[in-house]
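The block underneath contains the structure these notes are about, expressed in structure tokens.
None of the values given here were measured: they were computed from a predicted structure.
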Amino acid sequence: MAAWLLAQPAVNVTSLVTTDIGSAPKDEAHTTAERVYESIMIPIGRVFLAAQESGEIGGQPLPDLFAGVFVAAVNALAATERAGSLPQPKEQMANQVVSLLLDGVYNYRGN
């Protein structure tokens with residue numbers, strides 16, 4: 001999943017939501033927000049939800065939260081790579097981000 005996301009053009013979801021969508025006409029903003037949610041957040045969230053349901057990771061089902069954190073972390077790697085400041089290849093670091101998130105999610109109990 002991380003490799004696929006890294007292969008796509010980077011989407012700065014925070015900027016998209018706070019600046020781009022916020023400055024668009026209301027009907028266009030709503031449509032754009034729905035499309036982002038449907039095309040990025042739902043598919044990634046489903047992966048986390050399936051992992052929760054199978055017992056691979058623990059915690060309450062919060063697929064939107066996990067998807068958002070995952071997208072933000074992977075996109076940060078792409079941005080950092082463009083700045084030339086990654087200490088390792090972005091794919092290797094993305095695998096570390098995934099491990100960090102999943103280990104943390106596995107131990108998360110909704111506190």
Margin query: Looking at every heavy atom in both V97 and A73, which two are closest together, and how far apart are they?
Written below: CG1-CB, 3.6 Å
Checklist line | Smallest separation among heavy atoms of P63 and G45, with atom names | finding: CB-O, 3.2 Å
Notebook entry, point to check: Between Y37 and P43, what is the shortest heavy-atom contact and its length?
Noted result: O-CD, 4.4 Å
Notebook entry, point to check: What's the spacing between E53 CD and L49 CG if we round to 0.5 Å?
Noted result: 4.0 Å
Next item on the list: Run the numbers on F66 and V47 for side chain to side chain contact (heavy atoms under 4.5 Å, CB included), then give the verdict.
Entry: CA-CA 10 Å; F66 298 151; V47 172; over 6 Å; no
Notebook entry, point to check: Run the side chain to side chain contact (heavy atoms under 4.5 Å, CB included) check on T32 and D20 step by step: do they pass?
Noted result: CA-CA 9 Å; T32 302; D20 302 331; over 6 Å; no
Next item on the list: Check A94 against L6 and note the closest heavy-atom contact, atom names and distance.
Entry: CB-CD1, 3.6 Å
Next item on the list: Dump the intermediate steps for side chain to side chain contact (heavy atoms under 4.5 Å, CB included) on Q96 and Q92, then the final yes or no.
Entry: CA-CA 7 Å; Q96 292 172 358; Q92 184 178 355; 4.2 Å; yes
Next item on the list: Mind checking the OG1-NZ spacing from T80 to K90? Nearest 0.5 Å is all I need.
Entry: 11.0 Å
Checklist line | Inter-residue atom distance I42.CD1 - D64.CG, 0.5 Å rounding | finding: 7.5 Å
Note to self: If you compare all heavy atoms of S54 against all heavy atoms of A51, which two are closest, and at what distance to 0.1 Å?
What the structure shows: OG-O, 3.1 Å
